[in-house]
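This is a predicted model, so every value here is computed, not measured. Lettering follows sequence order; numbering is per chain, from 1.
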Protein chains: 2
Amino acid sequence: MNSRTAQDLLDAHIHRERLKHTGQRVVVLQTFLSAEGHVSIDQLLQDCRKVAPGIGHATVYRAMKLFVDAGIAIERRFQDGQTRFEPVNPEGHHDHLICTVCGVIVEFEDPVIEERQHEVARANGFRTTHHRHEIYGTCLDPSTCARRPSLTA
Amino acid sequence: MNSRTAQDLLDAHIHRERLKHTGQRVVVLQTFLSAEGHVSIDQLLQDCRKVAPGIGHATVYRAMKLFVDAGIAIERRFQDGQTRFEPVNPEGHHDHLICTVCGVIVEFEDPVIEERQHEVARANGFRTTHHRHEIYGTCLDPSTCARRPSLTA
DNA sequence: GTCTATGCAAAGTATTTGCAACGTT
DNA sequence: AACGTTGCAAATACTTTGCATAGAC
């Protein structure tokens, strides 16, 4: 999602809910959009403080919740205990491949799996709303893998 | 997994690691095995206390970690913040369908999806070790769905 | 007797909430 | 002026850890 769309979605949501525009929300939004996907609150807070030193952690939590409501961000929880956020992708969702050694997160999307999930749900008397699919493994190329910092470090 | 196998695995692990057999571990193991899958620590603690009133929560946490190490239990985290445990299934793993209204958790296993995951991983230069796949949706049958207590309630 | 396990309380994480001061409209 | 927002601190929820005592071997 580009900065333009995100800002429009936020404006619309703020107007709809009778909320207010604030400097902090602009900072959190810009920081969030310029971070590479899958940012943790902690990382986000640190980055925001480079621009707005006085910003509090509760503000970042509250802003991210607002962005989720506004349709700008998606909340993700992997296995490391921290909630991470990524920008909504208007062209559709994707799932994740995660290396347990170096922590790199790769996005994927597979129509066969998507299709099959709906069939499985239907066969069990469910209507699918969303899903979570994470494949854990290790990078086959040790040279690039070993150099990246681990997710759990 | 039956009680017999679980006990054997635990005995083996205890012997291997030079640990000790204790009454509490027996209680937690029996309680865990007789609970239907996906028990939370909290539920487990309450159930254990029916049999052994003095048992502490730390003991249950420690016992479950031990069972995971022994290959008896698997740790699962769904979206509700609590860690849940289920017995290891020796015939292979399965994934989950979860109703967001009533909270019922149904297990599924689909060879097409399994196969496809490995291909996706390979295509991205990964070797799969494990994965997590949860499909969220709603029960199509409202009569059974509405009667069950919600996961998030 | 040695060394692990237990129960309690305290500490640690991640996140949420109460509240007075502040900023937006 | 009215009301949502902020930053702080306190509260909450879940899990882990320190420590003295109890129990297994």
Using atom [atom1] of [X] as one end and atom [atom2] of [N] as the other, report the distance to the nearest whole Å.
X: A:R25; N: C:dT24; atom1: CZ; atom2: C1'; answer: 11 Å
X: B:R18; N: C:dT2; atom1: CZ; atom2: P; answer: 19 Å
X: B:R84; N: D:dA13; atom1: CZ; atom2: P; answer: 16 Å
X: A:K65; N: C:dT17; atom1: NZ; atom2: P; answer: 6 Å
X: B:H13; N: C:dT4; atom1: NE2; atom2: P; answer: 14 Å
X: A:R77; N: D:dA13; atom1: CZ; atom2: P; answer: 15 Å
X: A:M64; N: C:dA14; atom1: CE; atom2: P; answer: 17 Å
X: A:R16; N: D:dG4; atom1: CZ; atom2: P; answer: 17 Å

Quiz item: Nearest to the side chain of B:Y61, which nucleotide is it out of D:dT16, C:dT6, C:dA14?
Solution: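 Output: D:dT16.
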
Exercise. Would you mind building the protein contact string for nucleotides 19-25 of chain D? One character per nucleotide, 5' to 3', B for base within reach (heavy atoms under 4.0 Å), S for sugar-phosphate only, - for untouched.
Key: ----BBS

Practice problem: Look only at the side chain of B:T129 and the backbone of A:Y136, and say whether a donor-acceptor pair between them is shorter than 3.5 Å. | Solution: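 Yes.
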
Exercise. Establish, from distance only, whether the side-chain atoms of A:D95 and A:H131 form a donor-acceptor pair under 3.5 Å.
Key: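 Checked: A:D95/A:H131 side chains pair up, N/O donor to acceptor below 3.5 Å.
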
Can you name the atoms? Protein N/O to nucleotides 10-13 of chain C N/O, anything below 3.5 Å, with the distance.
none

Just wondering, do [Y] and [X] contact through their side chains at under 4.5 Å, heavy atoms?
X: B:F67; Y: B:F85; value: no
X: A:L66; Y: A:L19; value: yes
X: B:D69; Y: B:K65; value: yes

Exercise. Verify whether the ring centers belonging to A:H93 and A:H130 lie closer than 6.0 Å.
Key: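 Ring centres of A:H130 and A:H93 not closer than 6.0 Å.
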
Exercise. Show the numbers, then the answer: is there a side-chain contact (heavy atoms from CB on, under 4.5 Å) between A:L9 and A:V88?
Key: CA-CA 11 Å; A:L9 283 167; A:V88 165; over 6 Å; no

Quiz item: Of the residues in residues 40-52 of chain B, which ones touch DNA chain C at a heavy-atom distance under 4.0 Å?
Solution: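 None, since no heavy atom is under 4.0 Å.
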
Exercise. Output the distance between atom NE2 (B:H38) and atom CD (B:E107), rounded to the nearest 0.5 Å.
Key: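 Separation between the atoms: 4.5 Å.
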
Quiz item: Nearest 0.5 Å, what's the NE2-CZ distance between B:H96 and B:R84?
Solution: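 Between atom NE2 of B:H96 and atom CZ of B:R84 there are 10.5 Å.
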
Self-check item: A:R116/A:E119 ion pair, N-O < 4.0 Å
Solution: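 Yes.
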
Exercise. May I ask you to evaluate whether B:T83 reaches the phosphate of D:dT15, defined as a side-chain N or O under 4.0 Å from OP1 or OP2?
Key: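 It does, given that an N or O in the side chain of B:T83 lies less than 4.0 Å from OP1 or OP2 of D:dT15.
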
Quiz item: side-chain contact (heavy atoms from CB on, under 4.5 Å) between A:I135 and B:F126: does it pass, once the steps are laid out?
Solution: CA-CA 9 Å; A:I135 304 177; B:F126 273 69; over 6 Å; no

